[in-house]
Amino acid sequence: RNRFKGKDYLGFKDMTREEIEFITDLSLDFKRKWTAKEPHEYLKGQVWAGLFEKNSTRTRNALERAAADLGIKIVYLRPDEMQMTRGEPLKDTCRVLDRYFDGLFIRTFGHEIVEECANWMKNPVINGLTSLEHPTQGIADLMTIKEKKGKFEGLKICYSGNLYNVCYTTMIMCATLGMDLYIACPQGLEPDNQIWQETKERAKLSGAKIVFTQDFDEALKEADVVYGMSQYSMGQTEKEIARLKQAYLPYQITMEAMNKAKSDAIFMHCLPAHRGEEVTDEVMECSQSVIFDESENRMHSIKAILAAVAN
Ligand code: CP
């Protein structure tokens with residue numbers, strides 16, 4: 001079933017339902033191996049580059065640990081120490097890195113940057129977050145949902161947070177796997193058009209309802225999962241952040257909001273969270289919160305993605 005060998009892993013929008021399910025199952029299998037302390041140094045001798053243009057706690061450290069368990073060495077690259085910040089074209093940087101490394105794991109700004117890397121490199125490129133997608137996070141989220149709910153189809157997710165990469169990956173994920181997604185957000189915010197069109201096409205096939213609503217209660221009603229996300233994203237101006245914080249005030253995930261979802265609803269958040277903004281401290285710490293299982297799953301999912309795409 002592995003169609004990923006030697007391929008790039010750039011986003012859920014490029015993946016079929018079968019491929020998304022395959023990587024999720026593989027991730028759960030790697031978690032089983034980890035829990036059973038079964039050695040899995042399947043890629044001993046490989047050396048990958050990890051290029052991070054933005055800060056990271058989970059993704060970077062999950063990558064380092066996942067790679068160590070697989071026997072891969074990661075060379076961490078800082079753009080400010082490379083010639084790319086002095087104007088060397090990305091296409092030159094990529095072709096040089098391709099001669100040294102077995103693959104590139106990259107966190108960057110515009111999605112077109114990872115597409116350009118993939119275009120210029122023969123070895124696999126993995127997207128560790130761009131403007132459009134966060135597909136390693138998406139698999140960790142699916143693992144967590146499968147572990148806690150035992151299925152995907154027929155579940156309802158209430159999402160409260162910014163319309164950006166995590167939201168877009170969640171939209172494609174739900175539309176592909178038949179989960180209803182209610183995105184609670186202030187009036188006037190629009191998703192990326194390419195993602196929205198792709199989401200609608202996939203939802204037609206799976207029967208998933210993907211709904212944008214200003215009515216937080218409608219989004220919370222009968223929800224199996226309440227998913228919190230920052231109200232703004234890295235790189236936005238102070239003025240824009242202040243405007244978004246104000247607009248999102250009615251959508252804070254409080255215990256009162258959690259109580260409007262199903263009684264066995266779980267709370268998820270990709271982290272880092274802004275306690276007191278999109279979610280209260282009480283919700284983060286409550287028994288329904290599965291945020292640290294979700295964070296742990298970042299390591300298992302990145303391991304599965306590395307193992308699937310590696311040559
Ligand atoms: N969720 C996530 O991507 O976390 P980091 O920004 O810490 O990597």
Side-chain angles (χ1 to χ4, degrees), residues 9-13 20 23-24 27 31 48-69 74-80 103-111 113-114 125-145 147-148 157 159-174 183 195 225-236 241 244 253 266-275 277-279 283-284 289-306:
Y9 183 88
L10 303 188
F12 276 20
K13 70 180 175 57
I20 293 171
I23 295 288
T24 307
S27 304
K31 186 167 186 174
W48 281 58
L51 177 57
F52 283 73
E53 295 201 80
K54 286 179 161 186
N55 293 356
S56 170
T57 294
R58 278 142 291 273
T59 311
R60 183 178 163 196
N61 291 298
L63 169 68
E64 298 263 9
R65 180 60 204 246
D69 288 350
I74 296 284
V75 176
Y76 179 61
L77 306 177
R78 283 182 46 176
D80 61 316
L104 171 69
F105 188 105
I106 177 169
R107 166 168 286 199
T108 186
F109 294 90
H111 193 75
I113 298 171
V114 290
V125 174
I126 298 176
N127 174 3
L129 182 104
T130 62
S131 56
L132 217 53
E133 289 235 27
H134 198 356
T136 60
Q137 179 72 51
I139 297 294
D141 291 349
L142 284 172
M143 289 175 73
T144 311
I145 294 169
E147 288 173 328
K148 307 297 176 191
I157 298 184
Y159 175 97
S160 171
N162 66 33
L163 306 191
Y164 207 45
N165 37 35
V166 171
C167 182
Y168 297 157
T169 293
T170 307
M171 284 166 64
I172 304 268
M173 168 208 298
C174 290
I183 298 164
I195 294 288
V225 177
V226 179
Y227 197 111
M229 179 64 197
S230 172
Q231 298 160 347
Y232 44 89
S233 57
M234 290 185 260
Q236 287 186 291
I241 289 171
L244 286 167
I253 303 170
I266 54 171
F267 171 72
M268 294 176 66
H269 194 302
C270 76
L271 304 182
H274 305 87
R275 293 172 190 236
E277 293 183 9
E278 73 270 17
V279 60
V283 171
M284 292 285 284
S289 172
V290 298
I291 53 177
F292 297 113
D293 292 329
E294 185 183 359
S295 285
E296 180 190 321
N297 286 340
R298 298 298 312 284
M299 174 179 61
H300 306 299
S301 59
I302 287 175
K303 195 181 285 178
I305 294 159
L306 284 167

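The structure displayed is predicted, hence computed values, not measured ones. For ligands, and for the atoms within them, numbers begin at 1 and follow the listed sequence.
- Using a 4.5 Å cut-off on side-chain heavy atoms (C-beta onward), Thr108 and Leu51 make no contact.
- Across Ile139, Val114, Leu306, a single residue satisfies side chain to side chain contact (heavy atoms under 4.5 Å, CB included) together with Tyr9, and that is Ile139.
- At least one N or O atom of Thr57 sits closer than 3.5 Å to an N or O atom of ligand 1.
- Close N/O approach between Leu271 and ligand 1 is found [any backbone or side-chain N/O within under 3.5 Å].
- Distance check: Asp141 CG to Met268 CE gives 4.0 Å after rounding to the nearest 0.5 Å.
- Relative orientation of the Phe105 and Phe52 rings is parallel, given thresholds of 30° and 60° on the angle between their planes.
- Heavy-atom proximity to Cys270, at under 4.0 Å, picks out these atoms of ligand 1: 1 (N).
- If you take OG1 on Thr144 and CD1 on Ile266, they are separated by 7.0 Å, rounding to the nearest 0.5 Å.
- Closest to atom 2 (C) of ligand 1, if we only count protein heavy atoms, is Arg298 NH1, 3.3 Å.
- The nearest heavy-atom contact from the protein to atom 6 (O) of ligand 1 is Arg107 NH1, 2.9 Å.
- Of the protein's non-hydrogen atoms, Arg58 NE, 2.9 Å is the one closest to atom 4 (O) of ligand 1.
- Checking Arg60, Lys54, His134 against atom 3 (O) of ligand 1, the nearest heavy atom belongs to His134.
- Ring geometry for Tyr227 against Tyr159 counts as parallel: the plane angle stays under 30°, on a 0 to 90° scale with 60° as the upper cut.
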